[in-house]
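For reference, the structure discussed in these notes is given below.
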Amino acid sequence: AQRVTQPEKLLSVFKGAPVELKCNYSYSGSPELFWYVQYSRQRLQLLLRHISRESIKGFTADLNKGETSFHLKKPFAQEEDSAMYYCALFSGGYNKLIFGAGTRLAVHP
Amino acid sequence: KAGVTQTPRYLIKTRGQQVTLSCSPISGHRSVSWYQQTPGQGLQFLFEYFSETQRNKGNFPGRFSGRQFSNSRSEMNVSTLELGDSALYLCASSMTSGGASYEQYFGPGTRLTVT
């Protein structure tokens, strides 16, 4: 079955602390993975995709096929990073995104 | 470029009624997908349209339907509304219908409340 798991509903850290938002997936084939972010009162927007291997707003994510993971990391969290983060898997056979349940990141001053 | 727009933004309906939601994609985008977002089930795929054709449908009852027009605008319809249909309905558009460059741009959503 194709599935995305985000084990943490809430991740609470202090400003300046490292952040790791976990994402595991189940997919037979070569996965295409994304991280989406939703800030308060804003629409869902793409943060980054694994294929581009770029860093956006200091966030990076590495695809680990052996562990079927695509964890999102940032070395020093900022208060403006507080948001809901969704990991998503593109299901090519069904032409759709499969989303995880999301993790709320709260960065405290 | 203007982003994805959805109308109306908020809607209150009564059980048994039907509702139509509208989505205007980014200019030039031919693929429109619809998602239902609820606190309990999260983001769930409803269906995707590309060039006026429904290419894929999620696991929702037949009461949920949609269509896409020649200008890529899309509508979704829910008939015989149930309380459980209360949700945020998101529309997303993309230039392609998959592939390595796949990127979906989301609208602000329509908040549907069924009483």
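Reminder, nothing fancy here: chain letters follow the sequence lines and each chain counts from 1. Values below: all heavy atoms of this structure, side chains included; hydrogens, waters and symmetry mates excluded. Computed from a predicted structure; not experimentally measured.
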Hphob cluster co-occupancy, [X] + [Y], side-chain heavy atoms under 4.5 angstrom:
X: Tyr49(B); Y: Val4(B); result: no
X: Tyr85(A); Y: Leu89(A); result: yes
X: Leu46(B); Y: Val4(A); result: no

Tell me whether [X] at atom [atom1] has more than 12 heavy atoms from other residues, nucleotides or ligands lying less than 6.0 Å away.
X: Glu80(A); atom1: CD; result: yes
X: Phe69(B); atom1: CZ; result: yes
X: Ile12(B); atom1: CD1; result: no
X: Phe14(A); atom1: CZ; result: no

* Sole residue of Tyr105(B), Phe106(B), Tyr35(B) in ring-ring contact (aromatic ring centres under 6.0 Å, His included) with Tyr36(A) -> Phe106(B)
* Given that the side chain runs from C-beta out, which part of Gln44(B) has a heavy atom under 4.5 Å from chain A: side chain, backbone, both or neither? -> neither
* To do: Give the C-alpha distance, both sets of side-chain angles, the deciding distance and a yes or no for side chain to side chain contact (heavy atoms under 4.5 Å, CB included) between Phe90(A) and Gln104(B).
  => CA-CA 11 Å; Phe90(A) 178 68; Gln104(B) 288 194 322; over 6 Å; no
* Measure the spacing between CG of Leu97(A) and OG of Ser94(B) and express it to the nearest 0.5 Å. => 8.5 Å
* **Largest heavy-atom contact set with chain A, pairs under 4.5 Å, which of Ala92(B), Gly107(B), Gly109(B)** =>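 Ranked by heavy-atom pairs under 4.5 Å with chain A, first place is Gly107(B).
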* To do: In plain terms, say whether Glu48(B) and Lys96(A) are close enough for a salt bridge, that is, a side-chain N and a carboxylate O under 4.0 Å apart.
  =>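 Not counted as a salt bridge, because no side-chain N and carboxylate O are separated by less than 4.0 Å.
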* So Leu43(B) and Leu44(A), side chain to side chain contact (heavy atoms under 4.5 Å, CB included) or not? Walk me through it. -> CA-CA 11 Å; Leu43(B) 279 152; Leu44(A) 198 61; 4.0 Å; yes
* To do: Examine Phe99(A) together with Phe45(B) and report whether their ring centres are nearer than 6.0 Å.
  =>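 Judged by ring-centre distance (under 6.0 Å), Phe99(A) and Phe45(B) do not meet the cut-off.
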* Would you mind telling me which of Arg41(A), Gln42(A), Arg43(A) makes a side chain to side chain contact (heavy atoms under 4.5 Å, CB included) with Pro108(B)? => Arg43(A)
